[in-house]
Amino acid sequence: MKITKVTSHILQHDLGEELGYSQQWYAKRTAHLVEVETDEGITGWGECFGPGNVALANKTIVEQVIQPMILGHSPLDRELLWNKAYNLMRDHGQKGMPIQALSGIDIALWDIAGKVAGLPLYDLIGGKCRERLNVYGYGMMLRKVADLAGAFEEEAARIKDAGFRATKMKVGLGPREDVKLVEAVRRGVGDGFRFMVDANHCYTTNDAFYVGRALEELDVYWFEEPVAPEDHAGYRELRAGLKVNISGGEAEFTRWGWRPLLENRCVDIAQPEVCGLGGISEYMKVLALCHAHFTPVINHVWGSAVAVATNMHLITAMPDLPGGLFQAQPMLEFDTTLNKFRDEMLAEPLNIQGQVAKNKGTVALPSGPGLGIEIDRGFLEAYKIA
Ligand SMILES: [Mg+2]
């Protein structure tokens, strides 16, 4: 079997309202899917992390930089091809967009491997470690409304009522305003319900301590990306000085990026992004590295149904750490804001929201060979911008 073509599909739709996180506002949803075709009619799908114009640039890397390196090779030679592409791009970027581009291709190669073997991805990478997956629903994006705290309080209550096991909010207005938003979310979900706070690295270490102490008082479960991903010393000080769990890693790449993050003991909870850090081949190495440092992993999930399905397989196959009768379980991250590429792009939708509502915040394992998904081609064409 030989790879005959690699295509990036960039999809986009309007959100109808500007949403924000601490770094920017956005009004459009983008998805970057990668399709790898073979001479035997088997096609694999993957996804690259990176919204908006980043996706357009990554398409060029996928099709014009990496495609020529892998055409004519067997799609089953995943390690060979990953290392060939990485080695040839190393001088031009060991993190960031080249690795995001490589991620989507690698995921598609695993989808092909599963289809060839007739096995779901989770069986290829180690088999089932659980029968159902817990889901947390994130929302509370920044919005341009008069009473944001009031809006957050209502939205948090809605997400809880929808059946999710936990929820997550954004901050980013500045430390003092942010604490008011967190108080509003605690009012919305009531005492005892688990929620997390995501800063998308907008604080200095000192500001993060101010917010982090308030999060402890409000019984927040984790404090995500409090400081810049490069600031390992800041992470380390926060982790040593705060009781709230410090989480991060969605902006880290490959085993070589993750190694110092873990060695410096930066995070209580690691959040690798499979569509960005190098794909499934590299995710498995990062997972092993996290577990070698006894750091639990709760994957970062963002994107279309391809990304969600990929993560469902990875979480299915993730071993318990450290192990025990009442072992804390990983959760599937689920964005509750509008995303047609997640909800409407598959011939048979994943229906995460419907399952969560009916089954106490859990979803069934994916089935079918590879990622177990079938893309609706008509839908793809309707939203394709490049
Ligand atoms: Mg985040």
Side-chain angles (χ1 to χ4, degrees), residues 19-26 29-31 47-52 54 95-96 99-100 103 134-143 152 155-156 159 164-173 175 178 181-182 185 194-203 207-208 211-212 215 220-232 234-235 238-239 242 244-253 257-258 261-262 266-277 283 286 290 295-304 307-308 310-311 314-315 330-337 339 342:
L19 298 176
Y21 59 104
S22 68
Q23 304 299 321
Q24 64 181 330
W25 297 100
Y26 59 97
R29 177 80 60 195
T30 316
E47 180 162 357
C48 303
F49 183 74
V54 172
K95 297 190 180 201
I99 309 302
Q100 292 172 344
S103 301
N134 295 334
V135 186
Y136 80 85
Y138 93 74
M140 283 77 76
M141 308 294 301
L142 303 182
R143 292 165 62 198
F152 270 26
E155 189 179 351
I159 291 171
F164 289 98
R165 287 292 178 104
T167 187
K168 188 167 84 180
M169 63 180 292
K170 296 294 188 189
V171 287
L173 305 182
D178 288 342
L181 293 178
V182 182
V185 167
R194 177 179 282 187
F195 79 97
M196 294 77 81
V197 172
D198 188 358
N200 295 99
H201 49 76
C202 67
Y203 300 130
D207 284 346
V211 174
L215 301 194
V220 168
Y221 185 56
W222 78 56
F223 188 8
E224 180 169 330
E225 287 203 296
V227 293
E230 306 94 317
D231 186 8
H232 287 189
Y235 263 105
L238 288 164
R239 190 175 173 218
L242 291 172
V244 63
N245 287 306
I246 301 295
S247 73
E250 68 182 75
E252 197 46 85
F253 299 84
W258 273 89
L261 187 79
L262 293 160
C266 293
V267 292
D268 294 289
I269 295 167
Q271 297 171 296
E273 167 53 68
V274 66
C275 300
L277 66 77
Y283 169 92
V286 168
C290 290
T295 303
V297 171
I298 299 186
N299 295 352
H300 178 260
V301 185
W302 183 92
S304 82
V308 175
T310 302
N311 277 284
L314 298 179
I315 297 168
M331 296 184 282
L332 174 69
E333 175 172 14
F334 186 82
D335 173 4
T336 63
T337 61
N339 187 341
R342 182 196 58 218

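If you're wondering where the values come from, they're calculated on a predicted model, not measured in any experiment. Ligands are counted one by one from 1 in listed order, and the atoms in each one are counted from 1 as well.
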*Set of residues satisfying salt bridge (Lys or Arg N to Asp or Glu O under 4.0 Å) with respect to Glu333, sequence neighbours excluded*: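 Only Lys168 meet the salt bridge (Lys or Arg N to Asp or Glu O under 4.0 Å) criterion with Glu333.
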*What protein N/O/S atoms lie closer than 2.8 Å to the Mg ion (ligand 1)?*
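Near the Mg ion (ligand 1), the protein supplies Asp198 OD2, Glu224 OE2, Glu250 OE1.
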Nearest heavy-atom pair of [X] and [Y]: which atoms, and what distance?
X      : Y      : result
Ser22  : Asn200 : OG-O, 3.1 Å
Glu47  : Ala31  : OE2-CB, 4.4 Å
Leu261 : Gly249 : CD2-CA, 4.2 Å
Val220 : Phe195 : CG1-O, 3.5 Å

*Is the Tyr21 to Trp302 ring centre distance short of 6.0 Å?*
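No, the ring centres sit 6.0 Å or more apart.
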